Amino acid sequence: QLQLVESGGGSVQAGGSLRLSCVVSGYNLRTYYMGWFRQAPGREREGVASIWIGDGRAYYVDSVKGRFTISQDNTKNTLYLQMNSLKPEDTAMYYCAADTTHRLGLTNLQALNVMAYNYWGQGTQVTVSA
């Protein structure tokens, strides 16, 4: 079992920045992908950014390209999401997720699909005001 704990959420004005962190702990399972997802009230959970642990290849949803950066620090077992130029439409609960099953890889679309991930954190709220 893995435990994922997010932090770093908060309230900012449009144009501001936040950095989310996700600390991974628990049984030493091989993790292939990690990702950040978000869910706004009344909407489905969507993939924001993900990373292939093997080579650091990153994937982003179009709406955050150029503004968000996903990164990992394996020495700290921590995943990050640097969010710049935040917009009110970025307001959502943000979740960290881990995939321990897709050893052979995922397509770009699959890497941002909730169905590809089998471990989830509890989420951290991000609120962006106009």
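Keep in mind the model is a prediction, meaning the values are calculated, not measured.
- For the pair Arg19 and Tyr80, the distance from NZ or CZ to the six-membered ring centre is under 6.0 Å and the angle to the ring normal is within 45 degrees.
- Using modelled atom types, no side-chain atom of Thr127 and backbone atom of Ser11 make a donor-acceptor pair closer than 3.5 Å.
- Taking 4.5 Å as the limit, some side-chain heavy atom of Phe68 sits within range of a side-chain heavy atom of Leu81.
- Proximity of Gln82 to Ser17: side-chain heavy atoms (C-beta onward) are separated by under 4.5 Å at one or more points.
- Put simply, the side chain of Arg67 gets close to the backbone of Ser85: a donor and an acceptor are under 3.5 Å apart.
- Remark: Glu44 CD is loosely packed, at most 12 non-hydrogen atoms of other residues, nucleotides or ligands lying under 6.0 Å away.
- Checking Thr101 against Asp99 by side-chain atom types alone, a donor-acceptor pair falls below 3.5 Å.
- Side-chain atoms of Cys22 and Trp36, non-hydrogen and from C-beta on, do get closer than 4.5 Å to each other.
- Taking a 6.0 Å sphere around CD of Gln122, one finds it holds 12 or fewer heavy atoms contributed by other residues, nucleotides or ligands.
- The side-chain heavy atoms of Tyr95 and Gln39, taken from C-beta on, include a pair separated by under 4.5 Å.
- Taking all atoms of both residues into account, the shortest heavy-atom contact from Ser129 to Pro88 is C-CG, 4.4 Å.
- Hydrophobic clustering keeps Trp52 apart from Leu104 (ILVMFWY residues linked when any side-chain heavy atoms are closer than 4.5 Å, directly or through intermediates).
- Contact check for Cys96 versus Met34: side-chain heavy atoms found under the 4.5 Å cut-off.
- With Leu79 as the partner, the side chain to side chain contact (heavy atoms under 4.5 Å, CB included) test is satisfied by one option alone out of Ile70, Val24, Asn74: Ile70.
- Judged as a side chain to side chain donor-acceptor pair (under 3.5 Å), the pairs with a partner in residues 106-121 (not counting sequence neighbours) are, in order, Thr100-Asn118, Thr107-Gln110.
- Nearest heavy atoms, Leu86 versus Leu18: CD1-N, 3.9 Å.
- Salt bridge absent: Asp90 and Lys87 never bring a charged side-chain N and a carboxylate O closer than 4.0 Å.
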**Asked** Can Tyr59 and Leu109 be said to form a side chain to side chain contact (heavy atoms under 4.5 Å, CB included), step by step?
**Response** CA-CA 9 Å; Tyr59 308 86; Leu109 286 178; over 6 Å; no

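- Among all heavy-atom pairs drawn from Ala92 and Gln125, the shortest one is O-NE2, 3.4 Å.
- Thr78 and Asp73 form no side-chain donor-acceptor contact under 3.5 Å, judged by distance and modelled atom types alone.
- Note on Met115 and Phe37: same hydrophobic cluster, where clusters join Ile, Leu, Val, Met, Phe, Trp and Tyr whose side-chain heavy atoms are under 4.5 Å apart, directly or indirectly.
- In this structure a side-chain-to-backbone donor-acceptor pair under 3.5 Å is present from Tyr33 to Leu106.
- The same ILVMFWY cluster, assembled from side-chain heavy atoms under 4.5 Å apart, contains both Ile53 and Val48.
- Contact annotation: the side chain of Leu20 approaches that of Thr124 to within less than 4.5 Å [non-hydrogen atoms, C-beta and beyond].
- A side-chain donor-acceptor contact under 3.5 Å links Glu6 to the backbone of Gly123.
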**Audit row: Gln13, Val128, side chain to side chain contact (heavy atoms under 4.5 Å, CB included) steps and yes/no** = CA-CA 5 Å; Gln13 291 188 326; Val128 185; over 6 Å; no

